[in-house]
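Heavy atoms only: backbone and side chains are in, while hydrogens, waters and symmetry mates are out.
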Amino acid sequence: MADSSDANPPTTQNSQTILDGNQLIAKALARFGVDRMFGVVGIPVTSLATRAVSLGVRFIAFHNEQSAGYAASAYGFLTGRPGVLLTVSGPGCVHGLAGLSNAMANAWPMVMISGSCDQKDFGRGDFQELDQIAAVKPFSKFSVKAKSIKEIPDCVFQALAKAGSGRPGGCYLDFPSDVLHQTISESDAESLVAAAERFREPEKVVNVPSSQIEEAVSLLRHAERPLIVFGKGAAFARAEDELGKLVERTGIPFLPTPMGKGLLPDTHELAATAARSLAIGKCDVALVVGARLNWLLHFGEPPKWSKDVKFILVDVDKEEIELRKPHLGLVGDAKLVLEKINKEIKDDPFCLGKSHSWVEAISNKAKDNVVKMEAQLAKEVVPFNFLTPMKIIRDAISGLGSPAPILVSEGANTMDVGRGVLVQTEPRTRLDAGTWGTMGVGLGYCIAAAVASPDRLVVAVEGDSGFGFSAMEVETLVRYQFPVVVIVFNNGGVYGGDRRSPDEISGPYKDDPAPTSFVPSAGYHTLIEAFGGKGYLVGTPEELKSALSESFSARKPAVINVIIDPYAGAESGRLQHKN
């Protein structure tokens, strides 16, 4: 077996061009259409990364596989194509599980590729030895190890195809170091790659019977208090135009989940976000599109929902519908199902109208709550609470117009307050902790957004705890000069400062900082300055407005360190009952 170095071109034997496993993987990835890859290189995959780059795949190199994995998962959501993560063997694979599991939880297409130890040495304590296929099993919908170079194209095409088919999710590819160093002629390689094209065909989406479409429309037509709920599954399906038609034709109020925000503008007159409790508590028929009835939607159960509500659940996964047992389940792609619903309504139209009692009730409640929120936002509080800087950020983002920035948000109070204050007007412009409530996604998501949508500014609104998970990736921002502005709400710890009651401050280590405490007023802005980026320290409205104006105009990597009152906000944000 021949071993080609990173720098050398394909070798030749008897006038035949010879490829090694790294080159064949890169060839298969490029042929499938992969043009971006995220990861951390090292033994045994460095050559794979450089070979992929030589074939037109842009490789974004991270400091940590967790952040790279989060980037790959979010890239899958933003583009509709599998995000690809590359890791080294053993510990690198384990670190990458964070991104792979995040993709599975959020139903985003992603493929993790890891090198692994030499097959003949497995079980003998080889370098970074791990049964990686077993390790990834709970977090992937498909995993496969290429046991010889000839298996590489089939493995690559299968994983990429399965990641995006049916309910999207994470898939895993394992390439032992001995396979990476095996060789094959270019003509044989081409034949194997061509043969692997058979896996490209996507799974057929189940065709929804016309009788079910008719039943769904009948339920909406005869409902007294209908509601349309949509989530990031609808965003992934690019269903915004069909949702818009449905809402405009029927006049039914709508409620997006956090990452469904922007499919229809938050400013739309039928948006029920500001009247959420009324909308879900009183609706009698709910059309739920691309959103799971999980904890984010209170499992579709009382007391948050009426015990008599009839759910029409649209989901690409039959198992999800069987789990939730809705009144009516429509299995299929959200956009395609909505097209059928819209066609059925167009043939026999109905519309609630602005004066409909349900529409008026939602509208009045939303207006009342907005007025109350705006009254709170109008108060300039210094030292900052969460609302004052959030309003300033909202207004600065609004001033940018279209294309709107992609907003990344994580943290407890920071994310919760931001969800209610920051406005989304365009599809797929909000990324947050998602279905799994994952902390640490911030910088990875920022980089994914910058790579997927280079025409958009990326704005991250982060709690200081959330930022800390991936803060070193600010160097990655600077290295690639991504247009990302990271705003850190610095309140000195997890949820804030030391909030312990006197009876909790006891024992031999009572003088240690509280488990929730960080260094007060930490200089997070200086971290990016160490790498040549721009840092800002702000504590007043004027300072924050200036920093936002300058950084948004520059479209260069920046960190704005916003000092917040450590006792503003609440422990665990809106999930105090779980802590």
Is there a salt bridge (Lys or Arg N to Asp or Glu O under 4.0 Å) between R167 and D315 once you walk through the steps? CA-CA 9 Å; R167 178 183 288 286; D315 200 283; 2.8 Å; yes
Please step through side-chain hydrogen bond (donor to acceptor under 3.5 Å, both in side chains) for the pair D565 and N385, ending with a clear verdict. CA-CA 6 Å; D565 181 347; N385 59 9; over 6 Å; no
Please test K391 against E374 for salt bridge (Lys or Arg N to Asp or Glu O under 4.0 Å), starting from the C-alpha separation and ending with a verdict. CA-CA 9 Å; K391 178 184 184 295; E374 289 301 320; 5.7 Å; no
Kindly determine whether N364 and I362 satisfy side chain to side chain contact (heavy atoms under 4.5 Å, CB included), including the steps that lead there. CA-CA 6 Å; N364 291 337; I362 293 289; over 6 Å; no
Given side-chain hydrogen bond (donor to acceptor under 3.5 Å, both in side chains), test T435 with K232 step by step and report yes or no. CA-CA 10 Å; T435 302; K232 61 180 178 293; 2.5 Å; yes
Assess whether salt bridge (Lys or Arg N to Asp or Glu O under 4.0 Å) is satisfied between D416 and R419, documenting all intermediate values. CA-CA 5 Å; D416 287 341; R419 189 181 296 131; 3.3 Å; yes
Apply side chain to side chain contact (heavy atoms under 4.5 Å, CB included) to the pair F552 and I397, showing each step before the final yes or no. CA-CA 9 Å; F552 284 6; I397 291 174; 4.1 Å; yes
For a side-chain hydrogen bond (donor to acceptor under 3.5 Å, both in side chains) check, start with the C-alpha distance between Y445 and E410, then their side-chain angles and the critical distance, and finish with the verdict. CA-CA 10 Å; Y445 280 10; E410 69 173 327; over 6 Å; no
Please determine whether salt bridge (Lys or Arg N to Asp or Glu O under 4.0 Å) holds for the pair D35 and R81, giving the CA-CA distance in whole Å, both sets of side-chain angles, and the decisive distance to 0.1 Å. CA-CA 10 Å; D35 58 6; R81 306 189 307 273; 3.6 Å; yes
Give the intermediate values and the outcome of side chain to side chain contact (heavy atoms under 4.5 Å, CB included) for residues E550 and Y536. CA-CA 10 Å; E550 184 177 309; Y536 302 86; 2.8 Å; yes
Step by step, would you call S363 with E360 a side-chain hydrogen bond (donor to acceptor under 3.5 Å, both in side chains)? CA-CA 5 Å; S363 177; E360 279 193 336; over 6 Å; no
Go through it in stages, so that I can follow the logic: the residues are V84 and V34, the test is side chain to side chain contact (heavy atoms under 4.5 Å, CB included), and I'd like the CA-CA distance, side-chain angles, deciding distance and then a yes or no. CA-CA 8 Å; V84 179; V34 172; 4.0 Å; yes
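Using a 30° and 60° split on the angle between ring planes, F77 and F236 fall in the parallel class, below 30°. Between F386 and F489, the angle of the ring planes stays under 30°, which puts this pair in the parallel group of the 30/60° scheme.
Not one N or O on the side chain of R456 forms a donor-acceptor pair closer than 3.5 Å with the backbone of P405. At least one donor-acceptor pair closer than 3.5 Å links the side chain of R499 to the backbone N or O of P566. Put simply, the side chain of H298 never gets that close to the backbone of G300: no donor and acceptor are under 3.5 Å apart. Listed for the S553 side chain is a donor-acceptor partner under 3.5 Å among the backbone atoms of S549. The closest donor-acceptor contact from the side chain of R36 to the backbone of G83 lies at 3.5 Å or more, if one exists at all. Put simply, the side chain of D432 never gets that close to the backbone of P258: no donor and acceptor are under 3.5 Å apart. Not one N or O on the side chain of E242 forms a donor-acceptor pair closer than 3.5 Å with the backbone of A239. The closest donor-acceptor contact from the side chain of T79 to the backbone of Y75 lies under 3.5 Å. Side chain of N102 to backbone of Y70: no donor-acceptor contact under 3.5 angstrom is found. In this structure a side-chain-to-backbone donor-acceptor pair under 3.5 Å is present from D464 to G493.
Between A449 and L431 the shortest heavy-atom distance is CB-CD1, 4.5 Å. Of all the heavy atoms in V562 and P389, the pair that sits closest is CG1-CB, 4.2 Å. Summarising the geometry of A274 relative to N369, their closest heavy-atom pair is O-ND2, 2.6 Å, with the distance given to 0.1 Å. Of all heavy-atom pairs spanning A68 and L85, the tightest one is CB-CD1, 3.5 Å. Here the closest heavy-atom approach between residue V111 and residue A163 is recorded as CG2-CB, 4.0 Å. Contact record, S73 with W108: O-CE3, 3.2 Å, taken as the closest heavy-atom pair.
Annotation: F311 is in aromatic contact with W305 [ring centroid separation under 6.0 Å].
The only member of T267, D266, T429 that meets side chain to side chain donor-acceptor pair (under 3.5 Å) when paired with Q424 is T429.
Atom NZ of K372 sits about 15.0 Å away from atom NZ of K367, to the nearest 0.5 Å. Note that CG of L537 is 9.5 Å distant from CD of E529, once rounded to the nearest 0.5 Å. Considering CD1 of I393 and CG of L544, their distance stands at 5.5 Å, rounded to 0.5 Å. Atom NZ of K379 is separated from atom OG1 of T388 by 10.0 Å, given to the nearest 0.5 angstrom. Distance check, rounded to the nearest 0.5 Å: CE of M390 to CZ of R394 gives 11.0 Å. Taking CD1 of I406 as the reference point, atom CG of D455 lies at 8.0 Å (rounded to 0.5 Å).
Annotation: side chain of R238 is in contact with side chain of R428 (closest heavy-atom distance under 4.5 Å). Using a 4.5 Å heavy-atom cutoff, the side chains of H63 and E473 are in contact. Within the 4.5 Å cutoff, the side chain of L527 has heavy atoms near those of the F531 side chain. You'll find the side chain of L422 reaches within 4.5 Å of the side chain of L407, heavy atoms only. In this structure the side chain of L387 never reaches within 4.5 angstrom of the side chain of V381, judged on heavy atoms. Annotation: side chain of L243 is in contact with side chain of L263 (closest heavy-atom distance under 4.5 Å). V559 has its side chain out of reach of L477: every pair of non-hydrogen atoms, C-beta onward, lies at least 4.5 Å apart. With contacts defined as side-chain heavy-atom distances shorter than 4.5 Å, the pair S140/C171 does not qualify.
No salt bridge links E504 with K510; every basic N to acidic carboxylate O contact stays at or beyond 4.0 Å.
Between the side chains of T476 and R479, a donor-acceptor pair is found at a separation under 3.5 Å. A donor atom on one side chain and an acceptor atom on the other are found under 3.5 Å apart for E426 and S402.
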